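In what follows, every chain begins at residue 1, and chains take the letters A, B, ... in the order their sequences are listed. Quick caveat, the model's predicted, so the values are computed rather than measured.
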Amino acid sequence: KAGVTQTPRYLIKTRGQQVTLSCSPISGHRSVSWYQQTPGQGLQFLFEYFSETQRNKGNFPGRFSGRQFSNSRSEMNVSTLELGDSALYLCASSLLAGAWGFKETQYFGPGTRLLVL
Amino acid sequence: QKEVEQDPGPLSVPEGAIVSLNCTYSNSAFQYFMWYRQYSRKGPELLMYTYSSGNKEDGRFTAQVDKSSKYISLFIRDSQPSDSATYLCAMNQGTGNQFYFGTGTSLTVIP
């Protein structure tokens, strides 16, 4: 079974631009979560989507947005990029939202490394 | 104050050593506690998870949770060079999929 895939893997943008990142979850997984990882802050939760609906949202400004499609693929968008947005953006999928059990944990993709100049 | 605190290290140990990794937290509502391992240029992968207080063992790995002290630990016995990675603790209240992560501890096991 294929794992979580994220595209692109690397991205360089300049301040003020916008960017769209894509995530394809494991087949059959309906929950997709997005995280920002930086050396100073670690992994910070951005938002979670389940069945095309945003279920949870972290403490990030409105410049960060996302959506989920009917096939569970998800995109996140960052508008008006700032230097501080440089980070590794990780997507994680799970079988059920809020369901617990070892087999229903989150599976992370390799991430998209974004550099804002 | 961050909800989850983790010593970033780096930690360097000889092969075969016992490694102790720790996190503290402030939110008493956390019920689920997890340890992830992240190799360079990869996403985190789940190592172990524990519900509430107590110990859980899986091979060379032991996870401990002390909710009264808001303190969790991961012990690695007979450490191997392949254990060299960043270890992240994570916590969840058990409602929804919002995880709170530590910043990670970088571990190097020297052959």
Side-chain angles (χ1 to χ4, degrees), chain A residues 3-6 9-10 23-26 29-51 53-60 68 74 87-113, chain B residues 1-10 21-27 29-52 56-59 61 63 72 85-106:
Chain A
V4 178
T5 58
Q6 292 186 245
R9 292 292 311 277
Y10 303 93
C23 170
S24 292
I26 292 171
H29 285 196
R30 296 167 63 189
S31 171
V32 174
S33 298
W34 287 90
Y35 293 85
Q36 181 194 68
Q37 186 176 30
T38 58
Q41 297 296 317
L43 266 88
Q44 294 185 284
F45 175 77
L46 281 156
F47 28 67
E48 181 211 357
Y49 285 88
F50 179 76
S51 292
T53 301
Q54 188 181 89
R55 285 171 52 95
N56 291 295
K57 190 176 190 306
N59 294 324
F60 277 82
Q68 186 180 35
S74 178
L88 180 68
Y89 289 88
L90 289 159
C91 166
S93 78
S94 57
L95 191 59
L96 294 170
W100 283 95
F102 189 82
K103 66 179 185 297
E104 290 159 344
T105 187
Q106 293 185 117
Y107 297 87
F108 283 86
T112 294
R113 190 165 296 278
Chain B
Q1 181 190 4
K2 288 176 67 71
E3 289 193 284
V4 181
E5 299 281 356
Q6 183 175 8
D7 186 338
L21 305 167
N22 312 293
C23 288
T24 58
Y25 62 95
S26 56
N27 188 346
F30 288 143
Q31 296 287 338
Y32 293 86
F33 305 90
M34 289 133 285
W35 287 96
Y36 285 81
R37 177 174 61 196
Q38 186 174 21
Y39 290 114
S40 180
R41 302 188 183 282
K42 301 274 190 179
E45 58 176 332
L46 181 70
L47 270 178
M48 299 185 70
Y49 92 104
T50 310
Y51 171 70
S52 195
K56 187 171 185 178
E57 189 173 320
D58 184 2
F61 298 89
I72 71 170
T86 296
Y87 290 80
L88 300 152
C89 63
M91 305 175 192
N92 183 293
Q93 296 182 35
T95 55
N97 268 349
Q98 185 162 351
F99 288 63
Y100 296 84
F101 282 81
T103 51
T105 300
S106 175

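Distance check: A:F108 CZ to B:Y36 OH gives 5.0 Å after rounding to the nearest 0.5 Å. B:K42 contributes atom NZ, which lies 13.0 Å from atom CG of A:L88 (distance to the nearest 0.5 angstrom).
Both the backbone and the side chain of A:L43 come within less than 4.5 Å of a heavy atom of chain B. Residue contact with chain A, scored on non-hydrogen atoms closer than 4.5 Å, is absent for B:Q6. Contact annotation for A:Q37: only side-chain heavy atoms (C-beta onward) come within less than 4.5 Å of a heavy atom of chain B.
For B:Y39, the ring-ring contact (aromatic ring centres under 6.0 Å, His included) criterion is met by no residue, not counting sequence neighbours.
Most heavy-atom pairs under 4.5 Å with chain A, from the set B:F101, B:Y100, B:Y51: that is B:F101.
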